[in-house]
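Written below as structure tokens is the structure these notes are about.
Atoms within a ligand are numbered from 1 in the order they appear, just like the ligands themselves. Please read all numbers here as calculations on a predicted model, not as lab measurements. Side chains included, hydrogens not; waters and symmetry mates left out as well; all remaining heavy atoms used.
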Amino acid sequence: MKIFNTQTRRKEEFKPIEPGKISMYVCGPTVYNLIHIGNARPMIVFDTFRRYMTHKGYEVNYVSNFTDVDDKIIKKANEENLPANEISERYIAECKKDMEGMNVMPATTHPKATEEIDGMIDMIGDLIEKDYAYPTSDGTVYYRTRKFKEYGKLSHKNLDDLESGHRSEGHALKVTGNSDKEDDFDFVLWKPKKEGEPAWKSPWCDGRPGWHIECSVMARKYLGKTIDIHAGGEDLIFPHHENEIAQSEAANGVPFANYWMHNGFLNIDNVKMSKSLGNFFTVRDIAEKYDLNVLRFFMLTAQYRSPLNFSADLMEAAKSSLARICTAVEHLDFLMKNASAEAMTDEEKENEAKAAEFITRFDDAMDDDLNTADAISVIFELVKFVNMTALESSSKEYLASLKEKIVLLTDILGIKVEKKEELLDADIEALIEERQAARKAKDFKRADEIRDELSAKGIILEDTRAGVKWKRAD
Ligand SMILES: [Zn+2]
């Protein structure tokens, strides 16, 4: 398996620290709103990487955090007059629903920043002791960026270039308002609380951690001082991941991550997605129009490092492409019902061997820095081969082996190609009866739940004078 390592800017053969195991950290979302489709890309891409490596026999320890303390969360909490943790808990739950819809597996561990404050205070204290950080008079603790000699090694920036850049542009690195700050490049590890903000006790002041420190602490706690892979969107390379390296390597004295993987940007109709441009889509917006399986498939039609353009037309195209795979599987199911249990003919055996070559080619594409675009092309070639050879076959064994191959490959990508199980008429009627009983007992919550459950499975209820009628949605 070759992985493009952002730090070395080369494709490298992947060698795990411990044979057969992978420790992987993926930066997760800040939970103050429904996740948008830009957040969805790293979730889908790195979930696919995890599924593929699991298929290759690795045991993947996958850690992805929820940033649940942040200015945006606090702002939203104040707007809604609620405690910040109610906002973050709400959007963690919503995020998990979206992940499930996109068939993104839950991480091995999903740590939350607010539950790891002690570890952050420890690491900050350690950095102060090692002289890589310093508290100022108001209790803010800064990281002494220039002291970390390798700063910039991931993003390939150097401080002198950055300095001239930010003098002229007022670069975002510059944090003003604290005269005790030694250098413009120093970044915040701990900041004092302001009125109406959640805060924790620390040796420096009551306050809260900066964003970067949480990932360094969680990666070490759940995966160790040196991890195999650190991943995230390319917008995180600088400064977030650069700062994580500075913190972790200064504190631990060993390399932080052996491979850095970053996914490319997602654009909408070829322009950057932004709320102000009105081209902003949450995953929930997409779910109103499409099965999220289509969104996942669409995202994987590009190699993860390429920029990905999202548009209504491209989603429609993805939907019909995916339908071609589903139709082939459906067709095989149909043929299998009437097929015989006879052994395969020599021709079928030969064809089965040919079909197996598609699996090798799929693996080759995935081994080349997770080239899902090429891997999907291979699936389409397999589908074409299936459509060409299946009709002439009456061997159940042969047809089943074809279906198995399509399902194997689409499963690795986390794409579902088999029809959802349909409810039997008797089950539907039993649920309707239960709903009627719940309504009689004034248990409207349960009654609504049943209605939702049925509607999720495509059953539409209609309350009429003559009683409840139902039909299947088209
Ligand atoms: Zn992070």
Side-chain angles (χ1 to χ4, degrees), residues 5-7 22-32 35-36 38-47 49-50 60-73 88 91-92 95 99 104 107-117 119-124 127 133 143 145 148 151-155 157 172-173 187-191 208-252 255-265 304:
N5 185 350
T6 308
Q7 188 166 333
I22 298 176
S23 52
M24 178 165 187
Y25 187 94
V26 183
C27 293
T30 302
V31 280
Y32 69 102
I35 59 164
H36 58 72
N39 300 129
R41 192 175 187 197
M43 288 178 181
I44 290 171
V45 158
F46 298 117
D47 177 68
F49 178 81
R50 175 190 186 183
V60 186
N61 189 352
Y62 191 97
V63 176
S64 188
N65 63 313
F66 286 117
T67 298
D68 63 347
V69 56
D70 172 87
D71 289 343
K72 289 177 185 145
I73 299 170
S88 55
Y91 289 111
I92 286 172
C95 177
M99 283 170 62
V104 169
T108 316
T109 316
H110 274 297
K112 296 176 206 161
T114 55
E115 290 172 4
E116 307 290 342
I117 303 284
M120 296 188 226
I121 290 174
D122 280 351
M123 192 181 272
I124 295 169
L127 288 168
Y143 186 92
T145 305
F148 186 68
Y151 193 83
K153 68 177 173 179
L154 177 69
S155 54
K157 292 176 189 293
L173 265 179
F187 60 88
V188 173
L189 300 174
W190 188 265
K191 54 185 152 194
R208 60 187 166 101
W211 170 37
H212 313 300
I213 194 73
E214 74 178 77
C215 291
S216 284
V217 167
M218 294 175 189
R220 179 172 77 180
K221 176 169 170 186
Y222 294 100
L223 299 169
K225 289 180 176 174
T226 301
I227 65 174
D228 288 306
I229 300 168
H230 196 313
E234 75 177 22
D235 52 325
L236 297 182
I237 298 173
F238 184 83
H240 182 54
H241 288 164
E242 201 69 75
N243 291 354
E244 281 187 38
I245 293 175
Q247 296 164 157
S248 294
E249 298 194 356
N252 302 330
F256 180 32
N258 289 339
Y259 303 85
W260 286 87
M261 296 175 80
H262 292 98
N263 65 276
F265 285 118
Y304 74 95

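- Between Tyr151 and Ala246, the shortest heavy-atom distance links the atoms CD1-CB, 4.0 Å.
- Distance CD1/Ile121 to CH2/Trp190: 4.0 Å, rounded to 0.5 Å.
- For the atom pair His230 NE2 and Ser23 OG, the distance stands at 11.0 Å (nearest 0.5 Å).
- Gln247 places a side-chain N or O within donor-acceptor distance of the main-chain N or O of His212, the cut-off being under 3.5 Å.
- Closer than 2.8 Å to the Zn ion (ligand 1) sit the protein N, O or S atoms Cys27 SG, Cys215 SG, His240 NE2, Glu244 OE2.
- Relative ring orientation between Phe66 and His110 is described as parallel, the plane-to-plane angle staying below 30° on a 0-90° scale split at 30° and 60°.
- The structure places CG of Asp228 at 6.5 Å from CD1 of Ile22, a figure rounded to the nearest 0.5 Å.
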